[in-house]
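Bear in mind the structure is a predicted one, so any value in this text is a computation, not a measurement. Scope of the values below: all heavy atoms of this structure, side chains included, with no hydrogens, waters or symmetry mates. Just so you know, ligand 1 is whichever comes first in the structure, and atom 1 is the first atom listed for that ligand.
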Amino acid sequence: MGIALSDKARLRSLEGRTPTVATLCSHSSLQIFHGARAEGLPTMGISVGPPARFYEAFPLARPDQFLTVEKVSALPHEQARLRDAGAILIPHGSFVEYLGPKAFQELDVPVFGNRAVIGWESDREKERVWLESAGVPMPKRYVDASEVDGPVILKYYGAKGGKGFFLAKNREALADFTPTGPYVIQEYVLGTRYYIHFFYSPLSDRGYRVGHGSLELLGMDRRDEANIDELYKLGAQEELLKAGIRPTFVVTGNVPVVLRESLLPKVFDVGARIVERSIELFGGMVGPFCVEGIMTENLDFKVFEISTRIVAGTNLFINGSPYSDLLQPGLSTGRRIAMEIKRAQAEGRLSEVLS
Ligand code: AMP
């Protein structure tokens, strides 16, 4: 038996019934509803205001029912309705971000995965402690600008979506930076970005064993990032700045990628270390997570961020990916979540995957 993430009281609303897969209508909700439906689970879309019309355009991904709230912050008032529906909330980036990590953690409704992970992921300092103590290589961090000895990226605390990041080619170029809040100075890693979609199942007893379960690789993408990805056309950052445009890393879409096969052991090792350390630190991370890193020309993989839930890049793989097809043809991350819920319920182990 694995680690219980929740006590029995929290899961009482699910006793003796088929759970309803519920999430906020945004981000990766189409995939989550589609996957749940494929596994025969009922679905509920939490909509802020009237449900978006585009769900009508995708009948296979339209939730069976909607729960409409005026604003996301009103969701805690709907907890009884969610429990009555036997809801299991599936966290995604927008859900946690819009509601706020603290309010999300406090919801008295079963959540897929370990909600304790939110406190570790939403704080860049704690995230670094977790990854570094797991032995995961990360970009160097400079305590003071005087130490800078190469290209750097300056990130404001809590900055989401890469808005307002500042790039400096060298220490001298830092003089052009006028901070408007607390920030960190990080080595700017030159290489190719990969966003690797993992799934950790504490229930599985086969495959790539990690902890008491197994680690699965479901896909990989690279993000298209607003004007920075077009930078090469202008030649250099200065050209953008001369034109009065500040480079941003705001995500606008995703493209599928695969990794050189000989590099797979490296990323599995990183994924395994992150999971093993999470078990020691806070009882373990369960379900989908994404390791976001840069492969350098020396084939070192440096991790600049992890997302501890389903990421929008998995939307590429509603019908499977070159990796998930080797586990089960046509398997999406959304469907994998539904499969884990069904298995946990059938084996009386919901407390190991829900919190
Ligand atoms: P983050 O908010 O940490 O996810 O970073 C947003 C984007 O900034 C990433 O998707 C990368 O394109 C870029 N980035 C972040 N950290 C680094 C780094 N240390 N070196 C190079 N690029 C980075």
Side-chain angles (χ1 to χ4, degrees), residues 27 92-94 96-97 101 117-118 120-132 136-143 145 147-171 173-174 177 181-198 219-232 236-237 240 245-257 259 267 270 274 288-316:
H27 191 268
H92 56 58
S94 308
V96 178
E97 168 91 6
V117 76
I118 293 172
W120 285 86
E121 184 231 27
S122 56
D123 177 335
R124 279 195 200 264
E125 303 293 329
K126 283 182 87 173
E127 184 184 270
R128 188 168 270 270
V129 168
W130 171 11
L131 298 187
E132 282 191 336
V136 171
M138 293 188 76
K140 190 161 140 193
R141 212 180 131 167
Y142 298 93
V143 178
E147 299 167 7
V148 169
D149 53 2
V152 287
I153 179 166
L154 281 72
K155 303 178 180 183
Y156 287 110
Y157 284 164
K160 289 283 174 208
K163 222 173 189 171
F165 283 11
F166 182 85
L167 300 183
K169 273 196 294 201
N170 48 36
R171 190 167 51 224
L174 278 175
F177 176 65
Y183 61 95
V184 291
I185 309 175
Q186 215 176 68
E187 166 195 9
Y188 186 76
V189 183
L190 287 171
T192 324
R193 290 170 296 127
Y194 292 92
Y195 299 73
I196 299 168
H197 318 149
F198 283 114
M220 254 178 237
D221 76 299
R222 179 167 312 134
R223 295 179 185 162
D224 278 335
E225 294 180 327
N227 63 28
I228 192 80
D229 280 344
E230 295 299 299
L231 200 58
Y232 66 94
Q237 184 191 193
L240 259 193
I245 303 165
R246 185 162 279 296
T248 68
F249 294 76
V250 174
V251 179
T252 59
N254 304 79
V255 286
V257 291
L259 201 60
V267 295
V270 165
I274 292 173
F289 68 101
C290 179
V291 175
E292 308 172 11
I294 298 170
M295 198 64 79
T296 69
E297 61 180 342
N298 298 324
L299 306 183
D300 293 324
F301 187 60
K302 296 204 182 173
V303 176
F304 58 84
E305 175 90 283
I306 58 166
S307 294
T308 57
R309 61 184 83 86
I310 185 169
V311 287
T314 61
N315 290 339
L316 287 163

Student: Mark yes or no for whether D123, through its side chain, and E125, through its backbone, hold a donor-acceptor pair below 3.5 Å.
Tutor: yes

Student: Output the list of atoms in ligand 1 that are nearer than 4.0 Å to some heavy atom of E187, sorted by atom number.
Tutor: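 Selected atoms, number and element: 18 (C), 19 (N), 20 (N).
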
Student: Please identify which of these residues, V136, V311, L131, meets the side chain to side chain contact (heavy atoms under 4.5 Å, CB included) condition with I306.
Tutor: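 Of all the options given, the one that passes is L131.
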
Student: Does the side chain of I118 come within less than 4.5 Å of T308's, by heavy atoms?
Tutor: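 Not touching, per the 4.5 Å side-chain cut-off.
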
Student: What are the atoms of ligand 1, with element, lying closer than 4.0 Å to any heavy atom of I294?
Tutor: 20 (N), 21 (C), 22 (N)

Student: Looking at F289, I'd like to know if the NZ or CZ of R309 sits under 6.0 Å from its six-membered ring centre while staying within 45 degrees of the ring's axis.
Tutor: no

Student: Go through ligand 1 atom by atom and flag the ones less than 4.0 Å from a non-hydrogen atom of P139.
Tutor: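 Going through ligand 1 atom by atom, the ones under 4.0 Å from P139 are 19 (N).
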
Student: Just say parallel, tilted or perpendicular for the rings of Y156 and Y183, cut-offs at 30° and 60°.
Tutor: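 Judged by the thresholds at 30° and 60°, the geometry between Y156 and Y183 is perpendicular.
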
Student: Are any of the N/O atoms in V189 less than 3.5 Å from those in ligand 1?
Tutor: yes

Student: Is it true that E305 and R193 make a salt bridge, defined as a side-chain N closer than 4.0 Å to a carboxylate O?
Tutor: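 Looking at R193 together with E305, the answer is no, because their closest N to O distance does not fall below 4.0 Å.
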
Student: What are the atoms of ligand 1, with element, lying closer than 4.0 Å to any heavy atom of Q186?
Tutor: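 Close to Q186: 16 (N), 17 (C), 18 (C), 19 (N).
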
Student: At a 4.0 Å threshold, what atoms of ligand 1 neighbour a non-hydrogen atom of K155?
Tutor: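 With K155 as reference, the close atoms of ligand 1 come out as 3 (O), 15 (C), 16 (N).
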
Student: Below 4.0 Å, non-hydrogen atoms only: which portion of R124 touches ligand 1? Side chain, backbone, both or neither.
Tutor: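 Side chain only.
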
Student: Side chain or backbone of E225 under 4.0 Å from ligand 1, or both, or neither, by non-hydrogen atoms?
Tutor: side chain

Student: If you measure from each non-hydrogen atom of L190 to ligand 1, which part falls under 4.0 Å: side chain, backbone, both or neither?
Tutor: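 Near ligand 1, L190 shows nothing, with every heavy atom at 4.0 Å or more.
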
Student: Where does Y195 meet ligand 1, judged by heavy-atom distances below 4.0 Å: at the side chain, the backbone, both, or neither?
Tutor: side chain

Student: Counting only nitrogen or oxygen atoms and a 3.5 angstrom limit, does R223 reach ligand 1?
Tutor: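 No, there is no polar N/O contact under 3.5 Å.
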
Student: Carefully, step by step, assess F301 and V270 under the rule side-chain contact (heavy atoms from CB on, under 4.5 Å).
Tutor: CA-CA 9 Å; F301 187 60; V270 165; 4.3 Å; yes

Student: Looking only at N/O atoms, are Y188 and ligand 1 under 3.5 Å apart anywhere?
Tutor: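 No; every N/O pair is 3.5 Å or more apart.
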
Student: With a 4.5 Å cut-off on side-chain heavy atoms, are F304 and V189 touching?
Tutor: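 SC-SC contact between V189 and F304 ruled out.
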
